[in-house]
Each structure stands twice: as C-alpha cells, then as structure tokens.
Trainee: 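Dumping the structure here so I can ask a few things about it.
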Amino acid sequence: KRFKTDIPDVYCKVKYGSNPKVWETSTINNSLTPSWNESRKYELLHNQVLNVDVYDANKRSSDELLG
C-alpha cells in the first residue's frame with residue numbers, strides 16, 4: 001500500500017518579551033514554503049526576546065513543532 005506524503009499545514013505562534021499573550025497566525029495548508037500576509041506591531045525594548053515557533057497543524061493528533 002502506498003502512503004500519501006504529508007505536506008505540512010503551517011502556522012506560527014509569536015510571543016514577545018514577558019507578555020503572556022501569544023499571537024497565532026492563520027494556517028497555510030499543504031505548503032513547504034508558507035507565506036503570510038499578516039503583521040503585528042511590537043514596541044522594541046532592550047533585552048526583549050521575540051520568540052516564533054512554527055507548527056504543523058494536525059487533525060488526528062497534537063500539532064507538531066517544526067522549529
């Protein structure tokens with residue numbers, strides 16, 4: 001039996017500094033090279049970290065962290 005190649009459904013979770021609020025982008029389905037036309041404004045302060053985690057959305061199991 002032949003297995004279907006799983007092309008990721010990609011979205012990002014963005015967290016800035018100590019702010020507990022996480023921004024989640026829309027999901028780009030079936031893409032190895034996703035591109036979002038979305039933006040958020042953040043006030044840049046010294047020693048603040050912008051963390052972007054990229055996930056593969058899954059319907060049958062937990063979403064997988066890609067990087």
Side-chain angles (χ1 to χ4, degrees):
K1 190 174 185 179
R2 199 167 181 202
F3 291 98
K4 180 182 171 190
T5 302
D6 182 24
I7 299 173
D9 302 324
V10 186
Y11 70 94
C12 298
K13 289 184 179 181
V14 181
K15 185 175 184 305
Y16 178 67
S18 60
N19 187 340
K21 192 172 186 178
V22 175
W23 168 43
E24 190 171 303
T25 66
S26 61
T27 300
I28 307 296
N29 294 316
N30 299 317
S31 180
L32 295 174
T33 56
S35 179
W36 293 268
N37 189 22
E38 301 176 35
S39 64
R40 291 289 187 273
K41 289 187 179 187
Y42 295 97
E43 183 179 343
L44 297 176
L45 303 172
H46 292 286
N47 300 321
Q48 294 289 334
V49 175
L50 181 69
N51 189 50
V52 180
D53 291 326
V54 182
Y55 290 86
D56 176 11
N58 294 306
K59 293 179 182 174
R60 296 184 186 141
S61 62
S62 297
D63 293 354
E64 180 182 355
L65 178 64
L66 298 176

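In what follows, every heavy atom counts, from backbone to side chain, and hydrogens, waters and symmetry copies are set aside.
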Trainee: Nearest 0.5 angstrom please: N47 CG to S18 OG, how far?
Mentor: 11.5 Å

Trainee: Do you know which two heavy atoms are closest between V14 and L50, and how far apart they sit?
Mentor: CG1-CD1, 3.7 Å

Trainee: Can you check whether W23 reaches E38 side chain to side chain, under 4.5 Å on heavy atoms?
Mentor: yes

Trainee: Identify the residue among N29, V54, T33, L32 that makes a side chain to side chain contact (heavy atoms under 4.5 Å, CB included) with V10.
Mentor: V54

Trainee: Check S31 against I28 and note the closest heavy-atom contact, atom names and distance.
Mentor: CB-CG2, 3.8 Å

Trainee: Donor-acceptor pair, distance only, cut-off 3.5 Å: does the side chain of T25 make one with the backbone of C12?
Mentor: yes

Trainee: Evaluate the criterion side-chain hydrogen bond (donor to acceptor under 3.5 Å, both in side chains) for residue pair Y42 and N19; output intermediate values, then yes/no.
Mentor: CA-CA 11 Å; Y42 295 97; N19 187 340; over 6 Å; no

Trainee: Would you name the heavy atoms of S26 and W36 that are closest together and state the gap between them?
Mentor: O-NE1, 2.8 Å

Trainee: Looking at CG of D53 and NZ of K13, how far apart are the two atoms once the value is rounded to the nearest 0.5 Å?
Mentor: 8.0 Å

Trainee: Would you check if D56 and D63 make a side-chain contact, meaning some heavy-atom pair closer than 4.5 Å?
Mentor: no

Trainee: Does V52 belong to the same Ile/Leu/Val/Met/Phe/Trp/Tyr cluster as Y16, with side-chain heavy atoms less than 4.5 Å apart forming each link?
Mentor: yes

Trainee: Can a donor-acceptor pair be found, under 3.5 Å and without considering hydrogens, that links the side chain of K41 to the backbone of E43?
Mentor: no

